[in-house]
Protein chains: 2
Amino acid sequence: MKKKRTTLQDIADRVGVTKMTVSRFMRNPEQVSDTLRHQIQAALDELGYIPNRAPDILSKAKSHAIGVLLPSLTNQVFAEVIRGIESVLEPAGYQTMLAHYGYSKTSEEQRIATLLSYNVDALIISESQHTERAQKMLENAGIPVVEIMDSVAHSRLPAVGFDNRAAAFEMTQAMIARGHQKIAYFAARMDERTLQRIQGYEAAMAEAGLSPYIKKSDQASSFTLGAQFLEQLLEEFPQADGIFCTNDDLAIGALYACQKRGILIPEQMGIAGFHGHDVARAMVPRLATVITPREDMGRIAAEQLLLALNGEATHTTPIALPYQIDCGESLRC
Amino acid sequence: MKKKRTTLQDIADRVGVTKMTVSRFMRNPEQVSDTLRHQIQAALDELGYIPNRAPDILSKAKSHAIGVLLPSLTNQVFAEVIRGIESVLEPAGYQTMLAHYGYSKTSEEQRIATLLSYNVDALIISESQHTERAQKMLENAGIPVVEIMDSVAHSRLPAVGFDNRAAAFEMTQAMIARGHQKIAYFAARMDERTLQRIQGYEAAMAEAGLSPYIKKSDQASSFTLGAQFLEQLLEEFPQADGIFCTNDDLAIGALYACQKRGILIPEQMGIAGFHGHDVARAMVPRLATVITPREDMGRIAAEQLLLALNGEATHTTPIALPYQIDCGESLRC
DNA sequence: TTGTGGTATGTTACCTGTAACAATAATCAC
DNA sequence: GTGATTATTGTTACAGGTAACATACCACAA
C-alpha cells in the first residue's frame, strides 16, 4: 500500500540511463542530449517525480531552509516581521521554518535544538539572552545568526532592531509636552524589550520631575487586560491623566474601557500605545503610538543573513532602524 | 574555519566505542552499560552534540515535520489557526513548516512541491481546488492531507472547517430580523470561501424579498478598504441601512468611517463582520460578527492528522464545526 | 594515421544515523 | 561442565542526489 517515493533511479531505469544523467537534466537540461532530454522529461511527467532534498542535506549539510524563532505567532507584530523576512527569503529560494517559544527561555533552547537538527542554514532569533546550553549550541552550529527586535547589543551577534528605550523615552516626553502629567505605564508580559521601554518611560518622567506609576502583569497582553488595568488604575490612582502602554493591544483595551465609562479622550485621559498597528491608526480617535519598523526589521535581517550565507561582510554593529512617534488624536494638543 | 558538525562518530571516537553504541544511548540509555553511559554523556556535553535528522529523513523518509499551507500569514485569522495546529503538533513532537501562497494557485503548487521536497510527513492545506499538477503531487506523495477552513466537500480529502454559506445566511437573516433592509455586502479578495458567504447573503436577501448590493475588490481586505467601500456606498446607494462585510477588517474600517462622518451605529447603519476578532469584540460599539472556530479548526485538523499518521481511522466526511452569531451593539435591537 | 579537444554519459564514493544481524562475554540451571 | 540465556557491543548495509573523476565517442587538424 505504501508505494515508495519515485526516485531519480526510477526515472533513469525508465529511460535506460543512469540516475546521474537524470540528475544533470534536473539541474541543467543543456548538459543532456536532445533525445534524452525529451525522454527524461516524459518520464518525469509520467511518474510524477518530486525532488528530494534529504540526500543533499545529508551530504552537504545545506538545507536551503532558514529557522525563524519568535516568542509568539499570534501577536500581529511578529506576523509583520515574518512578512518582511519572507519577502526576502522566498525569492532567494529559501524555505523558512517557523518556531515559537512563548517567551520561555528553556522552550527557546528546545526550539533551537530542533531547528538545528533539521540543518537550517541560518537562524533569525528574537532574544539576546539565552540559556547557557542554547548559547553553546548557537556557537557550535557555525551558521549565520541574526538577532531582531532590539538594537542594543547584548550578545556579539549581528542585530537588526530599534531602540526600545529611546522610543519610549520620546513618547513619554511627547505626552508630557502635551500637558499630561500623571502618566501611568501599563506593561504586560515582562520581556527584555518591555523592560527597556519602562526604563525610557521612567527616565523621561524623572527628567520632568514626575513620579512614575507602573502596572505589571504576567499575562499576555490583550484588550481585556488593558481594560482591567484601567479599572484598577481608576481605583488606585484616580488622579491619573495619561496612560502609556507597552503595546497597542493594552492601549486599545484601555481606550475602549474609557469610552464605555464616558471618560473623554484626550481631555480627561491621554492614551498612547506602542507599535503602530493598523487598528490603532484606523480607530476613532486615532491612537497615539510609536510606529515601529516591523516589516523592515524582518526584511533587513533576512538581507543580512543572505549576505552572511554568501560569505559577504555583514554589519558588525547592531542596525538601529528608525521609528516614528505618532501623537494621533488620543493626546491633548 | 568551517568546523564540521559534531557527529555520533566523533563522540564514539572520544569514548572508544562504535557510533552504534552512542546511537543506542541517544535513543534508550538503558541499553548501554553504566560505565559507558557516563562516558558518553560526558563526551556529548563536552563536544556539544546536536542531533541530525537528515540521515533518518533520507533512510526512512520520515521527517517529523508537517507542512502547513495558508493563503496568508498576516491575517489574524490564520495566526489563530496556526496556534491551534501547534497546540497539538508541538507536544506530539512534530515541527511545523509554514508556507503561504498569497491566494495564488500556481504559487500554492510551488509551495506544495517545496514542502514535499523536505519530506514532510503530512500536510494541512486551506484550499479545496488546486492546479492539476498540485493535485497529482498530493496524490503521489502518499501522505496524510487535511483541508481546513471549509466544510463543503470539493475534494475527497478529509476536511475540518465550518459552513461559510450557512454562517453568512444566518447573519444576514439576523440583520433583517433586526430591521435592516437595504443591506450591502462588502467583499475583498474573492476566494472560494468569500464566494460561499456571498451565496449565503444572497439567499437570505432573496428569501426576504430584498435585493442584494455587493461591492467587490481584488485588493486584500484592510481597514482602509472598508472605509473606501463605505464612501463609495454612500455615493452609489445612499439609502443603505446595513452592511455585512466578508471579514472584520472591512467591517471595522467601515464602522470607523461612519463614526468619523457622524453616522449613528446602529440607528442609521447596521454593520456586521465575519470571524470574531478580539478587536471586534472589544470595540465600542461591539461589532456584530460571526464568531468562527479558528483555533479549534487548527487543533482538530492536527488531531485528525495525528490519527492518520498513526494509521488510525479518520473522519471520512468533512467535519463542520459550530460558529456563533454575535449581534454585538452594531445592529438594531 | 595519430593526436587533440570537446561532448555526452557512466562509475564511485560520500554524507550520518540506525535496522538487522552477528559476535562475544557473562550468568545461570542442572 | 555444558548448553542455554541474557546483556552488551560490533559489523554491515542502506537511504538518494551529486561532486569528482573516468570513459567512450566523434570531429577535425596535422
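Predicted model, so just to flag it, every value in this text is computed and none were measured. Convention: sequence-line order gives letters A, B, ...; per-chain numbering from 1.
If you check every strand for non-hydrogen atoms under 4.0 Å, Tyr49(A) touches sugar and phosphate atoms only. Counting non-hydrogen atoms under 4.0 angstrom, Ile57(B) reaches nothing in the nucleic acid. Contact annotation for Val22(A): no contact, since no heavy-atom pair falls under 4.0 Å across all strands. Thr18(A) comes within 4.0 angstrom of a nucleotide base, judged by non-hydrogen atoms across all strands.
Side-chain atoms of Leu58(A) lie closest to dC15(C) of the nucleotides dT18(D), dC15(C), dA20(C). In this structure, of dT11(D), dG17(D), dA20(D), it is dG17(D) that holds the atom nearest to the side chain of Leu8(A). Across dC15(C), dT9(C), dT18(D), the shortest atom-to-atom separation from the side chain of Val32(A) is found for dT9(C). Of the candidate nucleotides dA19(D), dG17(D), dT9(C), dG17(D) has the atom nearest to the side chain of Ser59(A).
A donor-acceptor contact closer than 3.5 angstrom is absent between the side chains of Glu127(B) and Tyr103(B).
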Tell me, with the steps shown, if Arg5(A) and Asn119(B) meet side chain to side chain donor-acceptor pair (under 3.5 Å). CA-CA 10 Å; Arg5(A) 185 183 184 120; Asn119(B) 290 276; 2.7 Å; yes
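With hydrogens and angles disregarded, a donor-acceptor distance shorter than 3.5 Å links the side chain of Asp150(A) to the backbone of Val152(A).
Nucleotide dG16(D) holds its P atom 9 Å from the CZ atom of Arg5(A), rounded to whole Å. The separation between Leu36(B) atom CG and dT8(D) atom C1' is 9 Å, rounded to whole Å. As rounded to whole Å, 13 Å separates atom C1' of dA7(D) from atom CZ of Arg37(B). Following rounding to the nearest Å, Lys19(A) (NZ) and dG10(C) (P) show an atom-to-atom distance of 13 Å. Residue Asp56(B) contributes atom CG, which lies 14 Å from atom P of dT16(C) at whole-angstrom precision. Atom CG of Asp13(A) and atom P of dG10(C) are 12 Å apart (whole Å). Going from atom OH of Tyr118(A) over to atom P of dC15(C) covers 23 Å, rounded to whole Å. One can place CD of Gln9(B) at 11 Å from P of dC15(C), the figure rounded to the nearest angstrom.
The side-chain heavy atoms of Ile66(B) and Leu123(B), taken from C-beta on, include no pair separated by under 4.5 Å. Leu305(B) places none of its side-chain heavy atoms less than 4.5 Å from the side chain of Thr314(B). When side chains are defined from C-beta on, Glu86(B) counts as touching Thr96(B), because their heavy atoms get closer than 4.5 Å.
Sequence order on DNA chain D of the closest nucleotides to Pro55(B) and Gln31(B) puts Gln31(B) first from the 5' end. With the nearest nucleotide of DNA chain C identified for both Arg24(B) and Asn52(B), Asn52(B) has the one nearer the 5' end.
Between Ser33(B) and dT9(D) there is a side-chain N or O to OP1 or OP2 distance below 4.0 Å. The phosphate of dT18(C) (OP1 or OP2) has a side-chain N or O of Ser23(B) nearer than 4.0 angstrom.
Judged by atom type and distance alone, Arg27(B) does not reach the base of dG17(C) through any side-chain donor-acceptor pair under 3.5 Å.
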